[in-house]
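For reference, the structure is listed below as structure tokens.
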Amino acid sequence: MDTLDEAKKTASGASQSRTAGPPPDGQSGTLRWTFIGAQGLRPGWSALLFAAIYLAVRLAVGAALRPFVHMDKTHSIPAGIGLMTEGVGFLSVLAATWALAAIERRPILSYGYLDDRRALRFATGVLSGIGALSVLVALLWWRGLLVFDGRLQSGTTAWRYAAIWAAVFILVGFTEESLMRGYLQYTLTRGIGFWWAALVLSAAFGGLHTTNPGESPIGLLSVVGAGLLFALGLRLTGSLWWVVGLHAGWDWAQSYLYGVGDSGLSAQGHLLATHPVGAPLWSGGATGPEGSIFVVPVMLVMAGSMWLMWGRNRS
């Protein structure tokens with residue numbers, strides 16, 4: 001059974017349990033009703049427990065590594081630090097998902113990764129992400145808002161950086177999608193419905209980017225919009241595989257291939273050298289293409305294309 005459909009079906013039962021009052025059997029019954037509903041641990045408490053485990057693991061591992069590796073977020077990120085930082089994030093979200101899956105007695109892949117076509121979904125998602133970002137970059141170049149300064153890497157060095165940054169952004173895709181549209185999306189869907197959950201988590205997704213140096217208001221809005229776009233991909237395909245590929249491909253093309261800013265951050269060892277020209281509202285400035293107003297029509301076209309591919313045949 002599709003896990004999203006299962007979550008939607010249990011949402012009606014969870015809604016009924018929220019409207020019912022506590023059982024009249026004393027303090028112990030009231031306490032149990034506060035934490036336990038018809039579907040087990042209530043969605044809000046489950047989400048808080050997931051977040052607590054994720055943060056605890058991430059902080060603990062980060063503290064253990066801090067004496068040996070400087071992992072603070074800076075404007076220009078070395079490839080090795082990027083790989084290590086995203087590895088910590090991936091292990092943290094994996095630990096939290098595993099813990100809640102064990103509590104709920106579900107397979108760990110239940111939260112967005114059950115798909116018989118996972119390899120195809122992932123590969124087409126990667127290509128879609130690279131293609132969509134390339135369209136945005138081409139649009140900025142055509143309007144004179146982005147200038148290509150030349151090529152910085154060649155030969156085996158270029159391939160080595162390409163592979164390392166591909167690994168980094170695959171980890172980014174799995175980490176951020178599992179965090180924002182994996183267990184939390186599944187669980188909050190049971191409580192408040194799919195699109196309310198997607199809106200809350202997309203806003204939180206944008207909030208996580210506020211600490212990026214060089215981020216801008218348009219960039220933050222585009223991150224929230226990207227979160228909703230990823231949620232649409234989850235809704236239409238029934239899994240996160242295509243979405244993870246899209247996320248990874250977009251970020252890889254942005255940071256490594258074209259060497260533009262990625263939410264105010266840049267990747268050391270990128271292939272091409274570029275620089276923005278003109279007002280940041282149009283060029284994106286230090287934020288990168290995601291900070292340009294032109295990201296809005298590109299995302300709308302992506303959403304329309306996704307609906308044409310998968311949405312027309314859905315009831």
Side-chain angles (χ1 to χ4, degrees), residues 3-4 6-23 27-64 85-86 88-114 172-211 220 223-224 226-228 230-231 234-235 240 243-244:
T3 54
L4 282 178
E6 182 182 350
K8 286 185 288 182
K9 288 179 180 179
T10 57
S12 59
S15 178
Q16 293 176 2
S17 68
R18 290 196 307 273
T19 57
Q27 184 176 0
S28 62
T30 301
L31 185 62
R32 177 178 174 82
W33 176 86
T34 302
F35 292 96
I36 307 297
Q39 307 297 326
L41 189 63
R42 293 187 182 279
W45 295 114
S46 297
L48 286 174
L49 181 58
F50 175 90
I53 295 172
Y54 168 79
L55 289 174
V57 174
R58 181 145 196 167
L59 291 174
V61 176
T85 301
E86 297 307 326
V88 171
F90 177 75
L91 290 176
S92 302
V93 75
L94 181 64
T97 305
W98 175 84
L100 270 297
I103 292 172
E104 298 181 356
R105 298 180 181 179
R106 298 180 184 277
I108 194 172
L109 297 180
S110 295
Y111 309 106
Y113 291 101
L114 293 176
V172 169
F174 276 111
T175 299
E176 295 188 355
E177 296 312 311
S178 297
L179 180 63
M180 291 296 169
R181 279 157 288 276
Y183 179 82
L184 290 178
Q185 176 70 50
Y186 178 92
T187 299
L188 293 181
T189 293
R190 292 194 291 115
I192 59 177
F194 182 88
W195 283 111
W196 280 113
L199 183 60
V200 169
L201 292 170
S202 295
F205 188 48
L208 292 176
H209 288 72
T210 57
T211 59
L220 291 175
V223 172
V224 175
L228 293 172
F230 295 149
L234 169 63
R235 179 79 168 192
L240 287 171
V243 174
V244 169

* Asked: Are side-chain N/O atoms of E104 and Y186 paired as donor and acceptor at under 3.5 Å?
  -> no
Where is the tightest heavy-atom contact between [X] and [Y], given as atom of each residue plus distance?
| X | Y | result |
| --- | --- | --- |
| G227 | S202 | C-OG, 3.1 Å |
| R58 | G89 | NH1-CA, 3.4 Å |
| V200 | I192 | CG2-CD1, 4.4 Å |

[X]: what forms a side chain to side chain contact (heavy atoms under 4.5 Å, CB included) with it, not counting sequence neighbours?
| X | value |
| --- | --- |
| A47 | L184, L188 |
| V57 | I53, V61, S92, A95 |
| L94 | F90, I108 |

* Taking the side chain as every heavy atom from C-beta outward, state whether L100 and T187 have any atom pair closer than 4.5 Å. =>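 No, their side chains stay 4.5 Å or more apart.
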Rounded to the nearest 0.5 Å, how far apart are [atom1] of [X] and [atom2] of [Y]?
| X | Y | atom1 | atom2 | result |
| --- | --- | --- | --- | --- |
| Q185 | L240 | CD | CG | 8.5 Å |
| R106 | L114 | CZ | CG | 10.5 Å |
| E176 | F230 | CD | CZ | 8.5 Å |

* **Test ring pair (Phe, Tyr, Trp, His ring centres under 6.0 Å) applied to Y54 - qualifying residues, sequence neighbours left out** => none
* Under the side chain to side chain donor-acceptor pair (under 3.5 Å) test, residues paired with S178 that sit two or more places apart ->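 Checked S178 against side chain to side chain donor-acceptor pair (under 3.5 Å); matches are Y113.
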* Just jot down the side chain to side chain donor-acceptor pair (under 3.5 Å) partners of E177, sequence neighbours excluded, or say none. =>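 If we apply the side chain to side chain donor-acceptor pair (under 3.5 Å) test to E177, skipping adjacent residues, the hits are R181, H247.
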* Among Y183, F50, W98, find the residue that satisfies the ring pair (Phe, Tyr, Trp, His ring centres under 6.0 Å) test when tested with Y111. =>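 For Y111, the ring pair (Phe, Tyr, Trp, His ring centres under 6.0 Å) test succeeds with only one of Y183, F50, W98, which is Y183.
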